[in-house]
Q: 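Could you have a look at this structure, given as structure tokens, before my questions?
Heavy-atom basis, side chains included; hydrogens, waters and symmetry copies ignored.
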Amino acid sequence: MDPDLAEASRRLRAALKPADLDETLAKITAAAVEVLPEVHYASITVKHADGRLETFAPTDEILWDVDATQYELQEGPCYEAAVEEVHVTAPRLAGDQRWPRYAPKAVAAGIAAQAGIRLFETSKAHGALNLYARVEGSFQDLGALGALFSHQAAMAIDYAHEITQLRQAVQTRQLIGQAVGVLMQQYELDEARAFAFLTRISSTTNTKLRVVAQDVVDDLNRRHTP
């Protein structure tokens, strides 16, 4: 492996430690600025199932407006990488004719070059890494380093999803246990019957068990609030 690529891989592994999803996204954009050449700013765009686009973990406040402009105009590397293309580069935004409305606004904001790299794609969302540079001519060839970063960032996101889902599962189990305890006390039921009561309500009302349990706990809290 190329020594520079090997060093970048080491730095990426060190930067992208296991964490929850929000923290992982912040680590990815911070690592992009630190590890990838020519990157001054970075953010992540997520396209939700309903088509809504949202910015996460920008490394600079300027990106809130820059990203929002792309969403509004439906133009720019950031927009295309999240919605249409897998990899988009714009080394010279000032003369780029692909985005006639967005490019002048980006240049006015101090962005001279830009790239978008698709990070993940699921049934519920697409995500893209947005790279910004103040120097014209940047991102002409991200090459193997860009592919390496995309791969390791995608792995970190997958792991973060697993952590998030596990934590949610634990929280749900604790909530259901709390609701079962409330029902046992209120109706003098044993644990099995209290749980069966919860599942019956869930089934007959077509409501998730977690929501039914939350309602039971919330009702208890309301009745004990002065």
Q: Report whether Leu36 and Val135 are members of the same hydrophobic cluster (ILVMFWY, side-chain heavy atoms less than 4.5 Å apart, transitive linking).
A: no

Q: Could you work out the complete set of other residues in the hydrophobic cluster of Val211, with links drawn between I, L, V, M, F, W and Y side chains under 4.5 Å apart?
A: none

Q: Check this for me: Lys47, atom NZ, are more than 12 non-hydrogen atoms of other residues, nucleotides or ligands nearer than 6.0 Å?
A: yes

Q: Ignoring hydrogens, what is the shortest heavy-atom contact between Ala90 and Leu93? Give both atom names and the distance.
A: CB-CD2, 3.9 Å

Q: Which residue is it: Glu75, Gln114, Arg101? I am looking for the one with a side-chain hydrogen bond (donor to acceptor under 3.5 Å, both in side chains) to Gln70.
A: Gln114

Q: Which pair of heavy atoms, one from Leu63 and one from Pro58, lies closest together, and at what distance?
A: CB-CB, 3.9 Å

Q: Side-chain heavy atoms under 4.5 angstrom apart, residues restricted to Ile, Leu, Val, Met, Phe, Trp, Tyr: same cluster for Val83 and Ile117?
A: no

Q: Closest heavy-atom contact between Gly76 and Tyr102?
A: CA-CD2, 3.8 Å

Q: Can you name the residues that form a side chain to side chain contact (heavy atoms under 4.5 Å, CB included) with Ala115, not counting sequence neighbours?
A: Thr89, Leu131, Phe139, Leu142

Q: Name the atoms and distances for all side-chain donor-acceptor pairs under 3.5 Å in residues 181-190, with sequence neighbours left out.
A:
unit_1	atom_1	unit_2	atom_2	d
Asp190	OD1	Ala192	N	3.3
Asp190	OD1	Arg193	N	2.8

Q: Shortest non-hydrogen contact from Ala42 to Val39?
A: CB-CG1, 4.5 Å

Q: Closest heavy-atom contact between Ser202 and Leu209?
A: OG-N, 3.5 Å

Q: With a sphere of 6.0 Å drawn around CD of Glu72, does it hold more than 12 non-hydrogen atoms of other residues, nucleotides or ligands?
A: no

Q: Can you pull out every side-chain hydrogen bond (donor to acceptor under 3.5 Å, both in side chains) where at least one residue sits in residues 55-67? Sequence neighbours excluded, please.
A: Ser43-Asp67, Thr55-Asp67, Thr55-Tyr71, Glu61-Trp64, Asp67-Tyr132

Q: Which atoms form the tightest heavy-atom contact between Ala82 and Leu53, and what is the distance?
A: CB-CD2, 4.4 Å

Q: Would you please name every residue forming a side-chain hydrogen bond (donor to acceptor under 3.5 Å, both in side chains) with Gln178, sequence neighbours left out?
A: none

Q: Does the Ser138 side chain pair with the main chain of Pro91, one donor and one acceptor, at a distance under 3.5 Å?
A: no

Q: So how far is it from Gln214 CD to Thr172 OG1, rounded to the nearest 0.5 Å?
A: 9.5 Å

Q: Just verifying a value: how many Å separate Thr205 OG1 and Asp215 CG, rounded to the nearest 0.5 Å?
A: 8.5 Å

Q: Can you check whether Ala57's main-chain N or O pairs, donor with acceptor, with Thr29's side chain at less than 3.5 Å?
A: yes

Q: Hey, could you give me the CZ/CG distance between Arg118 and Leu129, rounded to the nearest 0.5 Å?
A: 12.5 Å

Q: Does Ile62 share a hydrophobic cluster with Val33, counting links as ILVMFWY side-chain heavy atoms below 4.5 Å and allowing steps through other members?
A: no

Q: Just to verify, what does Arg200 make a side-chain hydrogen bond (donor to acceptor under 3.5 Å, both in side chains) with, not counting sequence neighbours?
A: none

Q: Run the side chain to side chain contact (heavy atoms under 4.5 Å, CB included) check on Tyr41 and Asn130 step by step: do they pass?
A: CA-CA 8 Å; Tyr41 315 119; Asn130 311 312; over 6 Å; no

Q: Would you compute the distance between atom CZ of Phe195 and atom OG1 of Thr199 and round it to the nearest 0.5 angstrom?
A: 5.5 Å

